[in-house]
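These numbers come from the heavy atoms of this one structure, side chains and all, not from hydrogens, waters or symmetry mates. Order of the sequence lines fixes the chain letters, A, B, ..., with proteins taken first and strands second; residue numbering starts at 1 for each chain.
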Amino acid sequence: MIKTNRVTLRDIAERTGYTVNTVSRALHHRDDISKKTVDYICGIADEMGYINDNIASSMRTGRTGTVAVILADITNPLFAIMVRETEQLASEYDYSVFILNTNEDKETELQAIKNALGKKVDGFIICPCPDCRDNLEFLKKTGKPYVLIGRRVGDHPSVILDDEKSGYLAAKYLAEHYGRRRILFINGLLSISCAKDRLAGYRRALEEAGIPYDGRLVRSVTTKAGAISRQLESLDAANIGYDGIFAFSDLLAYETMNSLSGTGKDVPIVGIDHIRKNLFYMPPLDSVGAAGKSMSEEAVRMLMNAIKTGSLCGDQICLDVKLYPSGK
DNA sequence: TATGCACGTTGTCCTGTCAA
DNA sequence: TTGACAGGACAACGTGCATA
């Protein structure tokens with residue numbers, strides 16, 4: 001074994017005359033050590049430059065103080081915001097986060113889960129990719145607590161927005177506030193729960209407004225570059241008109257905005273996620289977002305509670321949403 | 001190839017001291 | 001004598017390396 005210059009509990013014990021055990025407890029401010037001893041040992045530890053060996057701690061306790069955050073696409077600003085919030089909230093519990101990206105790919109997601117398990121993370125927050133059921137069953141069998149964020153899959157614990165209401169509010173706003181009758185819905189892939197639910201909400205709003213549903217105005221796209229432009233071009237080519245756009249996410253809404261710029265079309269767009277709450281420099285956009293606590297807040301709270309109690313996350317939480325007008 | 005040890009830390013249990 | 005408090009002893013965690 002290579003001897004390093006790292007200061008250990010043993011070094012502090014030799015210097016102070018206490019045992020390694022007492023030093024450990026003093027450094028953790030345990031109440032079975034007198035304050036005088038704690039102050040003395042902590043002072044010496046600081047002077048010697050002691051840094052806790054997390055690997056040794058986790059070997060003994062079985063916990064590493066880290067949670068894996070596995071996301072579909074970290075280039076999406078929504079996920080960047082989630083990471084920042086999760087990291088900040090987890091740090092309040094003395095936890096750090098280990099971020100992995102799946103690119104919406106099932107195999108990559110499985111590797112990410114295995115990678116995180118190898119790092120001995122204490123829990124998982126996952127935005128699952130499409131067709132992820134096998135991966136989630138695998139994770140469930142490990143006994144590690146986990147919570148899905150943003151998407152619901154079967155009875156797995158999750159924190160999501162009320163996606164049906166999101167779709168409803170967005171389409172309703174376009175119909176009532178802007179008076180639009182031909183609302184194009186640029187949706188995500190229907191294999192994920194939120195896309196299905198938002199579509200249901202969209203249809204409910206149309207029905208309420210007495211607008212007939214036209215399936216040609218519902219387009220599922222990926223986040224790959226050019227996907228939206230191609231859809232808009234195909235609509236134009238087929239002479240299918242639209243006077244308002246509901247985008248599956250703010251990211252798609254901004255891409256749509258970009259695709260329409262220079263075409264001369266002035267079409268109101270409503271997105272979902274309300275990322276301007278955090279990214280205030282983004283262009284004005286009508287958007288639906290969480291009415292109160294964010295998904296990250298609820299997910300971290302749920303996961304930390306499960307880790308603390310040694311149980312699994314069991315709930316499926318659906319957060320209320322509201323429409324945030326752009327204020328243009 | 002099998003076994004044992006070392007690494008650093010900490011949970012649990014035990015012992016010693018002292019005051020009431 | 002009893003109970004509270006302070007601190008010590010032991011064992012075990014996962015992995016890599018040395019030795020038999």
**Q** With a cut-off of less than 4.0 Å, is there a side-chain N or O of S24(A) near OP1 or OP2 of dT10(B)?
**A**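 Affirmative; the distance criterion is met.
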**Q** Is the phosphate of dG8(C), meaning OP1 or OP2, less than 4.0 Å from a side-chain N or O of T22(A)?
**A**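 Indeed, a polar side-chain atom of T22(A) lies that close.
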**Q** Using the benzene-type ring in the case of Trp, are the ring centres of Y178(A) and Y173(A) under 6.0 Å apart?
**A**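 Between Y173(A) and Y178(A), which both carry aromatic rings, the centre distance is below 6.0 Å.
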**Q** Does the structure place the NZ or CZ of R198(A) under 6.0 Å from the centre of the six-membered ring of F248(A), at an angle of no more than 45° from the ring's axis?
**A**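 Verdict for F248(A): a cation-pi partner in R198(A).
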**Q** So what does S34(A) hit on the nucleic acid, given a heavy-atom distance under 4.0 Å: a base, only sugar-phosphate, or nothing?
**A**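 Sugar-phosphate, no base atom in range.
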**Q** Give a yes/no answer on whether the side chain of Y40(A) brings an N or O atom under 4.0 Å of OP1 or OP2 in dG7(C).
**A**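 So the side chain of Y40(A) is outside the cut-off, no N or O lying under 4.0 Å from OP1 or OP2 of dG7(C).
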**Q** Whole angstrom is fine here: how far is it from CE in M59(A) over to P in dT9(B)?
**A**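 To the nearest whole Å, that distance equals 10 Å.
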**Q** CD1 of I55(A) versus C1' of dG14(C): gap in Å, rounded?
**A**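 The distance from CD1 of I55(A) to C1' of dG14(C) comes to 11 Å, rounded to the nearest Å.
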**Q** Distance under 6.0 Å and angle within 45° of the ring axis: does K114(A) meet both against F138(A)?
**A**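 Verdict for F138(A): a cation-pi partner in K114(A).
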**Q** Touch check for T37(A), heavy atoms < 4.0 angstrom, all strands: base, sugar-phosphate only, or nothing?
**A**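 Sugar-phosphate, backbone atoms only, no base.
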**Q** Any donor-acceptor pair under 3.5 Å joining the side chain of R25(A) to the base of dG8(C)?
**A**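 Donor-acceptor pair under 3.5 Å: yes.
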**Q** When the distance from CD1 of I33(A) to P of dG7(C) is rounded to whole Å, what number comes out?
**A**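 That distance rounds to 5 Å.
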**Q** Please report the distance, rounded to the nearest Å, between NZ in K36(A) and C1' in dC5(C).
**A**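 From K36(A) NZ to dC5(C) C1': 14 Å.
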**Q** So among E107(A), K140(A), E109(A), which one has a side chain to side chain donor-acceptor pair (under 3.5 Å) with N135(A)?
**A**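 Only match with N135(A) under side chain to side chain donor-acceptor pair (under 3.5 Å): E109(A).
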**Q** Rounded to whole angstroms, how far apart are NZ on K120(A) and P on dG14(C)?
**A**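 Those two atoms, NZ and P, are 6 Å apart.
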**Q** In whole angstrom, give the distance that lies between atom CG of D11(A) and atom C1' of dT9(B).
**A**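 To the nearest whole Å, that distance equals 13 Å.
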**Q** For S57(A) and dT10(B), is the shortest distance between a side-chain N/O and OP1 or OP2 below 4.0 Å?
**A**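 Yes, within the criterion.
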**Q** Could you give me the CA-CA distance, side-chain angles and deciding distance for R182(A) and D214(A), then say whether salt bridge (Lys or Arg N to Asp or Glu O under 4.0 Å) is met?
**A** CA-CA 8 Å; R182(A) 291 196 55 76; D214(A) 182 349; 3.2 Å; yes
**Q** dG14(C) P sits how many Å from R60(A) CZ, rounded?
**A**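 The answer, rounded to whole Å, is 11 Å.
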**Q** Rounding to a whole Å, what distance do you find between N54(A):CG and dC13(C):C1'?
**A**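 Going from CG in N54(A) over to C1' in dC13(C) covers 15 Å.
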**Q** T61(A) has a side chain; which of dG11(B), dT9(B), dG8(C) sits nearest to it?
**A**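 The listed nucleotide nearest to T61(A)'s side chain is dG11(B).
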